[in-house]
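Notes follow once the structure below has been shown.
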Number of protein chains: 2
Amino acid sequence: MSATAAKRGQKNWPKQVEAVCVRQGLQLTPLRRRVLSILGESAAPLGAYAIIDRLSKIEGKQIAPPTVYRTLEFFAENGFLHKIESRNVFARCEHVGHAHYGALLLCETCGRSEEIEDEALDEFLKRTAARAGFALQPQMLELQGLCKSCAAAARGA
Amino acid sequence: MSATAAKRGQKNWPKQVEAVCVRQGLQLTPLRRRVLSILGESAAPLGAYAIIDRLSKIEGKQIAPPTVYRTLEFFAENGFLHKIESRNVFARCEHVGHAHYGALLLCETCGRSEEIEDEALDEFLKRTAARAGFALQPQMLELQGLCKSCAAAARGA
DNA sequence: GTCATTATGTTATAATATTGCATTTGGCAA
DNA sequence: TTGCCAAATGCAATATTATAACATAATGAC
């Protein structure tokens, strides 16, 4: 993903979420809008407490954890956000309204996450698991590595 | 994996670990042996605090978290144990001394984890990530689903 | 407007993990 | 053997992540 594409995604994401909320009759309250904008402006996924801190600054008073966790839960349940379990952070879902499978490519160096949707991958995993008698759920993989620019930087260094 | 295979793995694991420790000159201290045996006897992966509780019972006094976390770190560093990030638990590495790639199949129902080693999967993932310019690290995937027996039970129910 | 539902506020606490420093143990060279 | 260094363990405090439980406020259906 190019830097400009990242920036576009970042800028458009709150608007896309808003559009889906309107279509589906989901309440986009002031609190949710503020959290949306915090997530929308971040280059990399954010931890809950980073969001709490930023929100507290915006609101001018200390916001308690449940407030933010509930908001994040709302976004995750409605397919706007991924929780990245391996890092305890929350990333914008770049495919608002699409199926939730594929993979998140997580950069070890810059912390950014990139989302790919790949039916072939899904199929391959299902078949691989099935050989062990395992029935896979649909899920987003979390894959660790280096993003294009960090890999280039590492090679250059 | 059959129940008997699981049981065999479980019984042999501490001995395999011990053998590798001897070969590599790693200290298998009394503390490490006790943690090894706790992990060896568990059907499913255990959380750090579950291990702390069991160890405290065995020792007859309260064991502090760092003691156990350090022991787990020792086993993980030496390839005897996997930390399952999506669940905050620790699972025996069933392929002691092998490459650490492939996948952990995690059953949502019984909590057990099964390890598969699959070079084709590794290749597939690398190629998929490479199309996004991403350089994947070798890693164990965590895949959620239902194990053979829990899937059968679910179908029967 | 009343009422039920949904959302938010607030306090407390649970669950997971680490830092920093003191003490003990094990290996090994003089 | 002794002394030393490095590795391992003990221990207290605290950091980080997340949830429970209950009160209050806002919203939408009727």
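Residue numbering restarts at 1 for every chain, and letters A, B, ... go by the order of the sequence lines. The structure displayed is predicted, hence computed values, not measured ones.
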Contact under 4.0 Å: [X] side-chain N or O vs [N] OP1/OP2:
{"X": "B/Y69", "N": "C/dA17", "answer": "yes"}
{"X": "B/T67", "N": "D/dG10", "answer": "yes"}
{"X": "A/R32", "N": "C/dA7", "answer": "yes"}
{"X": "B/T29", "N": "D/dT9", "answer": "yes"}

So which nucleotide from C/dG9, D/dA8, D/dG10 ends up closest to the side chain of B/Q27? D/dA8
Quick one: which of C/dG9, C/dG20, C/dT11 gets closest to the side chain of A/K61? C/dG9
Using atom [atom1] of [X] as one end and atom [atom2] of [N] as the other, report the distance to the nearest whole Å.
{"X": "B/L55", "N": "D/dC11", "atom1": "CG", "atom2": "P", "value": "12 Å"}
{"X": "B/L31", "N": "C/dT24", "atom1": "CG", "atom2": "P", "value": "17 Å"}
{"X": "B/E73", "N": "C/dT16", "atom1": "CD", "atom2": "P", "value": "18 Å"}
{"X": "A/N88", "N": "C/dA17", "atom1": "CG", "atom2": "P", "value": "9 Å"}
{"X": "B/R34", "N": "D/dA8", "atom1": "CZ", "atom2": "C1'", "value": "13 Å"}
{"X": "B/F75", "N": "D/dA8", "atom1": "CZ", "atom2": "P", "value": "11 Å"}
{"X": "B/E85", "N": "C/dA17", "atom1": "CD", "atom2": "C1'", "value": "12 Å"}
{"X": "B/L26", "N": "C/dG27", "atom1": "CG", "atom2": "P", "value": "13 Å"}

Write down the atom of B/S42, the atom of B/R92, and the distance for their closest heavy-atom approach. O-NH1, 2.8 Å
For a 4.5 angstrom cut-off between non-hydrogen side-chain atoms, does A/L26 reach A/F80? yes
Is B/Y49 side chain donor-acceptor paired with the C/dA17 base, going by distance under 3.5 Å alone? yes
So does B/R33 pair up with B/E18, basic N to acidic O under 4.0 Å? yes
Side-chain ion pair, A/R70 and A/E77, N-O less than 4.0 Å: no
Of B/K83 and A/E59, whose nearest nucleotide on DNA chain C comes first from the 5' end? A/E59
Donor-acceptor under 3.5 Å (A/W13 side chain, A/E41 main chain): no
Between B/P66 and A/R87, which is nearer to the 5' end of DNA chain D once each is assigned its nearest nucleotide? B/P66
